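Values in this document were obtained by computation on a predicted structure and should not be read as measured data.
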Amino acid sequence: MIRKALSELVRSTLRDLLESGDLPEHAARTPEIADTKQADHGHYATNVAMVEAKGFGTNPRELATKLAERLRAHDDVFARIDIAGPGFINFFLHPAYLAGFLPAMAELGEEGIARSHEESRRINVEFVSVNPNGPITIGSGRGAAYGSALCNVLEAVGNEVHREYYINDGVNSEQMRLFALSVQSFIQKIPFPEKGYRGDYVQEVAEQLRSDPEAVTANTDWYQAKSQALMIEAQRRALSEFGVEFDCWFSEQSLHDAGIVARDIETLKAQGVADTVPERIQLKLGKGGKVEEVNREAQAAVLDENDADGEGETLWLRSTRFGDDMDRVLRRRDGRLTYIASDVAYHKDKFNRPANSDQLITILGPDHHGYIGRLTSVVAALLLSEGKVQEQVSEAPFTDVDAQLYGDAVTRDRCQAAQRLAEEKLRVQIYQLVRFMKDGKPAPMRQRDGNIYALADLVREIGEKALTDGTPEERAALGRDVARFFYLMRSHDTTFDFDLDLAEKQSDENPVFYVQYAHARICSIIDRAKQEGFTPEFVHGQLMEPQEMALLMKVSDLSWEVQRCAQDFGIHRISTYVIELARSYHSFYDACRVIQPDSPELTRARLALCQLTGTALKAGLGLLGVSAPQRM
RNA sequence: GCCCCGGUAGCUCAGGGGAUAGAGCAGCAGCCUUCUAAGCUGUUAGUCGGAGGUUCGAAUCCUCUCCGGGGCGCCA
């Protein structure tokens, strides 16, 4: 809010200079108002003079001088304006001006304080979506935390967000078959399958099914349906306890059952983006993903038992036309449909949840990075076959590679336009690996004995160790808070170490408690003040201290951080922000005694600042899905 | 071979083309008869992997290169 006001002031001053003829016509960008790293650089600084000098046909110092001269006229705002270095303009604001933002910010409340702009897109966010053949692992925990926090942020700026979980329950799935056989072998006298699932959770599923009268004689189909349902339920519970809820759990198999997959791939075939010509196109890529060669390979030989051998024809999605590095099979020779075939139907359907979604966001783990090209191709093919791609003519020369890939320039331009549109409509976000460090050593997600380090175990362990004397509910809540915060502390785009030893520590080293403690302190002080007859109320001219100014400026930045986060999906910035906000508060708390019976006006004003900070902390933590406790 | 991510203080990591590159932890020195010390203040610490380039200005953008992690099936 404060940055915005200053930016607007600088912008209008520039306009004044233009209108009075002191500067030539030039369209300047929105001035950036930056933090300063040193106190003698003022409260804020702008580089606008350096950025725009060229456009105005002058040099930075001169432009800065002209701007500063005019800006100094606002002597209610600026105590001092300096020009420094190559052309920075440093703003020293009047405390009263800064403090004057407090009532407006307080009025915004918890929702408004996080929102500086309004978006109104309809967005479908799909995340977690692991196979229903095991618990949610600590690895998927990152996707769960990240996805749910991203949804919160997108929602906070006004979008309609639909949270979706895709259940990979296709009955043809090899993994699910293997999982079912593993469970079955624990109950019936059948051999344990080669490469079967061995973890304790498999036996737990078996134990739950044992009491079923059908279990002894049931076939593998029965086991597949039953054990899958139990696993999905366990996943749903674990995610819910982790603070992650979905609007929709979408079944892959439901698309097959309704014949939608078969129908949709036929549409692609009819539209010419899929065909049964018995060859696969594979691209040889050079540096920068540039296509160097187009290789047409004859239908590949059957490789192993997962390959199809049959009388029919293979149906190929010609995904190489949309940026994929090889064509993908939609239907095997034996008639079975592939996983990517479901993706065609699924993505078509997804655009309707919410109806006519403007954007799909899919959050995947690092092992699915190869999916980006594939999914983008699927969406591009869909958009093209539905006639949603506008005709475009490219100026680019028609190369040999283009000729081999597309045949003619018109087709090329249509396909490339479809790809660009698909990249806009579907944003695939990949989060990177997490390494869990326990006793200074990496703790594996999957162990040799088949056991899995489950998210639920992580949350429980942290809760138990960090809170030795709490109720089970309190421990669960604390474990969830700590785990979520740790997952979200670092950029999703970087691998990082999850320090379990630190997470389990109930001490000042743990940043979660540092932030929550600030909130608890605020609640406590407001309670105490109430007992002594003081209520928070902004009083003009009371807040003057540098710590008070720093705190106000920090509070004012929440909406700005949220805005940036909604643009680039960098959730970790919210975590960094709440830590910084807590720091500003603790620093203020130490320097400025709040409750002072001899100075009732100062007391009320500082209480108002405390309350405002509490609101911002709660809002920020809320976006992360972390609670803001009243007491600690 | 190609694709994605990373390389910044002893450790874990922030860093938006801008000023003398930051935080936490670890280390050192202080601060509770007063609103929650799960706190605060000060301080030590870096060839931003390397080389070119663009720019008035590069940790940030581009190219090349070295090192580490992950991915490249008619599996999901």
Paired nucleotide for [N] [Watson-Crick or G-U wobble; both distances under 3.5 Å]:
| N | result |
| --- | --- |
| B:C48 | none |
| B:U41 | B:A29 |
| B:G1 | B:C72 |

For [N], take OP1 and OP2 only and decide whether either is under 4.0 Å from a side-chain N or O of [X].
| X | N | result |
| --- | --- | --- |
| A:Lys284 | B:C2 | no |
| A:Tyr514 | B:C40 | yes |
| A:Thr576 | B:G15 | no |
| A:Arg521 | B:A37 | yes |

query: Should we count NZ of A:Lys554 as having more than 12 external heavy atoms under 6.0 Å?
result: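 Yes - once you tally the heavy atoms of other residues, nucleotides and ligands closer than 6.0 Å, there are more than 12.
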
query: Within a radius of less than 6.0 Å around CD of A:Glu194, do more than 12 heavy atoms belonging to other residues, nucleotides or ligands occur?
result: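 At most 12 heavy atoms, drawn from other residues, nucleotides or ligands, come within 6.0 Å of this atom.
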
Once you round it to whole Å, what is the distance between [atom2] of [N] and [atom1] of [X]?
| X | N | atom1 | atom2 | value |
| --- | --- | --- | --- | --- |
| A:Glu32 | B:G16 | CD | C1' | 6 Å |
| A:Asp367 | B:G73 | CG | P | 13 Å |
| A:Met445 | B:G69 | CE | C1' | 12 Å |
| A:His572 | B:C5 | NE2 | C1' | 14 Å |
| A:Phe498 | B:C13 | CZ | C1' | 15 Å |
| A:Phe486 | B:C13 | CZ | P | 12 Å |
| A:Ile579 | B:A23 | CD1 | P | 13 Å |

message: Taking 5.5 Å and 30° as the limits, would you call A:His41 and the base of B:A19 a stacked pair?
response: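 Stacked: ring centres under 5.5 Å, planes under 30°.
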
message: Counting the atoms with a prime plus P, OP1 and OP2 as sugar-phosphate, which does A:His369 contact under 4.0 Å by heavy atoms, base, sugar-phosphate, or nothing?
response: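 The answer is base, as A:His369 lies within the cut-off (heavy atoms under 4.0 Å) of a base atom.
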
task: Assign A:Asp327 to base, sugar-phosphate, or nothing according to its heavy-atom contacts below 4.0 angstrom with the strands shown.
output: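 Nothing, no nucleic acid heavy atom in range.
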
- prompt: From B:A38, B:G69, B:G22, pick the nucleotide closest to the side chain of A:Lys37?
  reply: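 Ranking B:A38, B:G69, B:G22 by closest atom to the A:Lys37 side chain puts B:G22 first.
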
field: Listed partners of A:Tyr165 passing side chain to side chain donor-acceptor pair (under 3.5 Å), at least two apart
entry: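 Side chain to side chain donor-acceptor pair (under 3.5 Å) list for A:Tyr165, sorted by chain: A:Gln235.
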
- request: Record whether the side chain of A:Asp590 comes under 3.5 Å of the base of B:A37 through a donor-acceptor pair of N or O atoms.
  value: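 In this structure, the two groups form no donor-acceptor pair.
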
task: Indicate syn or anti for B:C32, taking the glycosidic torsion and treating anything within 90° of 0 as syn.
output: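 Base orientation relative to the sugar is syn.
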
task: Report the residue from A:Val378, A:Val344, A:Thr314 that forms a side chain to side chain contact (heavy atoms under 4.5 Å, CB included) with A:Leu330.
output: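 Of A:Val378, A:Val344, A:Thr314, side chain to side chain contact (heavy atoms under 4.5 Å, CB included) with A:Leu330 is met by A:Val344 alone.
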
